[in-house]
Q: 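Below is a structure I'd like to ask you about.
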Amino acid sequence: MPELPEVESVVRALAPMLTGRSVKNVRVLNRSTVAGSPRKPSVLEGRRVERVLRRGKYIVVHFDEAFAMAVHLRMTGWLGVKTQAQVAEEQDKFVRMVFELDEAPGRGAEWLLFRDIRKFGRVWCGRREEIIALKSFNKLGPEPLAITPEAFAERLHAHRGRLKSLLLNQAFLAGLGNIYADEALFEAGLHPLALAQQVKPDSARRLHAAIQAILGKAISAGGSSIDDYLHPDGTPGWFQRELKAYGREGEPCTRCKAPIKRDVVGQRGTWYCAKCQKKR
DNA sequence: ATCTATTCCTGGCTGC
DNA sequence: TGCAGCCAGGAATAGA
């Protein structure tokens with residue numbers, strides 16, 4: 001499941017392949033993949049890529065003439081570049097959108113593909129200011145790798161909810177998902193059900209440090225390949241091997257050897273060590 | 001403000 | 001081998 005480190009890995013891989021290239025043609029193979037009203041991916045035809053960046057879990061592509069595209073991979077989305085020959089050979093029924101690219105020096109005819117098994121992923125196309133103004137995009141909270149410990153603690157204490165739910169709330173912090181929320185709470189030694197408002201200042205600081213450390217390590221590892229996530233070139237990330245709580249029900253805690261527990265918190269599977277993650 | 005349930009969607013798993 | 005039924009889950013949405 002792509003979260004911040006996975007999306008960051010996608011952006012870093014795609015940026016050198018896409019920057020400077022033009023989209024000749026856009027084809028939509030699954031209508032619901034294209035979000036927005038009106039749906040208008042054809043506005044990107046003839047536009048040249050200026051930048052590829054990340055905001056929260058969104059991949060954002062800036063085009064010339066102030067056009068832009070935002071992509072959310074949700075559960076099973078994948079972006080990558082393939083040659084026309086590869087695409088023809090593979091006959092991949094899960095490709096939902098195809099962007100025909102111009103021929104760059106040293107590269108033949110290539111297509112940017114959006115592949116998505118479960119069709120939860122979404123692509124928005126339009127003018128840059130329209131994309132930025134999208135309400136789902138506009139209400140995103142701060143970037144977890146940019147926020148200061150002080151600002152983080154202040155935000156934390158301004159909320160009444162449970163830590164796990166808060167970390168998953170994209171308006172609170174943009175980019176954490178189920179995997180890294182559990183990992184950050186484990187690392188900080190905080191219980192998923194702890195009330196945000198009751199978290200003591202030193203615990204808030206530990207949580208902030210844990211979030212930044214986990215995300216930094218996961219980005220360096222190319223993210224976690226769980227279920228379907230793969231890099232744009234088809235290779236897996238390897239941070240899944242470093243996970244200490246997520247998906248490890250029954251396995252011994254790496255700190256105290258007690259078995260990792262799984263509960264459901266806010267309709268999400270939640271893994272934690274009941275012995276060393278305390279509610280306060 | 002916060003919480004819960006529901007929807008989207010399909011591969012993979014379980015059980016018969 | 002086949003098939004029905006269930007599950008996971010990010011985000012939007014509605015309702016409490």
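Just so you know, these numbers use all the heavy atoms, side chains as well, and skip hydrogens, waters and symmetry mates. Letters A, B, ... mirror the listed sequences (proteins, then strands); counts begin at 1. No experiment lies behind these values; they were computed from the predicted model shown.
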Q: Check every strand shown and say whether A:Arg115 touches a base, only sugar-phosphate, or nothing at a heavy-atom separation below 4.0 Å.
A: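 Touches nothing.
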Q: Which heavy atom of A:Pro41 sits nearest a heavy atom of A:Val34, and at what distance?
A: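 In this case the closest contact between A:Pro41 and A:Val34 is CD-CG1, 3.9 Å.
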Q: If each of A:Val264 and A:Leu168 is mapped to the nucleotide of DNA chain C with the nearest heavy atom, which maps nearer the 5' terminus, i.e. the 5' end?
A: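 The 5'-side residue here is A:Val264.
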Q: So which residues get pulled into A:Leu193's cluster when ILVMFWY side chains under 4.5 Å apart are joined, directly or through others?
A: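 Same cluster as A:Leu193: A:Val265.
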Q: Dump the pairs, protein N or O against N or O of nucleotides 10-15 of chain B, anything under 3.5 Å, distances to one decimal.
A:
from: B:dT10; atom 1: OP1; to: A:Lys119; atom 2: NZ; distance (Å): 2.8

Q: Please compare A:Leu166 and A:Arg122 by the position of their nearest nucleotide in DNA chain B and report the one closer to 5'.
A: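 Result of the comparison: A:Leu166.
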Q: With sequence neighbours left out, write down each residue that passes side chain to side chain donor-acceptor pair (under 3.5 Å) with A:Lys40, or none if nothing qualifies.
A: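 Checked A:Lys40 against side chain to side chain donor-acceptor pair (under 3.5 Å); matches are A:Glu130.
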Q: Please list each protein N or O that sits under 3.5 Å from an N or O in nucleotides 14-16 of chain C, with the distance.
A:
none

Q: Between A:Phe120 and C:dA11, do the rings stack, that is, sit under 5.5 Å apart with planes less than 30° off each other?
A: no
Q: Taking the six-membered ring of A:Trp271 as reference, does the NZ or CZ atom of A:Arg262 fall below 6.0 Å from its centre and within a 45° cone about the axis?
A: yes
Q: Under 4.0 Å, counting only non-hydrogen atoms across every strand here, what does A:Ser136 touch: a base, just sugar-phosphate, or nothing?
A: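 Sugar-phosphate, no base atom in range.
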Q: Within this structure, what is the NZ-to-P distance between A:Lys139 and C:dA11, rounded to whole angstrom?
A: 10 Å
Q: Do you see a donor-acceptor pair shorter than 3.5 Å between the side chains of A:Glu187 and A:Tyr180?
A: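 Note: A:Glu187 and A:Tyr180 side chains miss the donor-acceptor criterion.
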Q: Could you list who else is in A:Leu140's hydrophobic cluster, with ILVMFWY side chains joined at under 4.5 Å, directly or through other members?
A: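 Traced through the cluster, A:Leu140 reaches A:Leu53, A:Tyr58, A:Val60, A:Trp124, A:Ile131, A:Leu134, A:Phe137.
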Q: Quick one: do A:Glu50 and A:Arg128 make a salt bridge, cutoff under 4.0 Å?
A: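 Answer for the salt bridge query: yes.
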Q: Would you call A:Arg74-A:Asp116 a salt bridge at under 4.0 Å N-O?
A: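 Salt bridge absent between A:Arg74 and A:Asp116.
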Q: Between protein and nucleotides 3-6 of chain B, what N or O pairs are separated by less than 3.5 Å?
A:
from: B:dA5; atom 1: N7; to: A:Gln267; atom 2: NE2; distance (Å): 3.3

Q: Classify the nucleic acid contact of A:Tyr229 as base, sugar-phosphate or nothing, counting any heavy atom under 4.0 Å across all strands shown.
A: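 Touches nothing.
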Q: Flag the pair A:Glu143 and A:Arg55 as a salt bridge only when some basic side-chain nitrogen lies within less than 4.0 angstrom of an acidic carboxylate oxygen.
A: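 Here A:Glu143 pairs with A:Arg55 in a salt bridge, since their nearest N and O are under 4.0 Å apart.
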Q: Can you see whether A:Trp78 has A:Arg96 sitting over its ring - NZ or CZ less than 6.0 Å from the centre and within 45° of the normal?
A: no
Q: Is A:Arg255 positioned over the aromatic face of A:Phe186, cation under 6.0 angstrom from the ring centre and no more than 45 degrees off axis?
A: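 Yes, A:Arg255 sits over the ring of A:Phe186.
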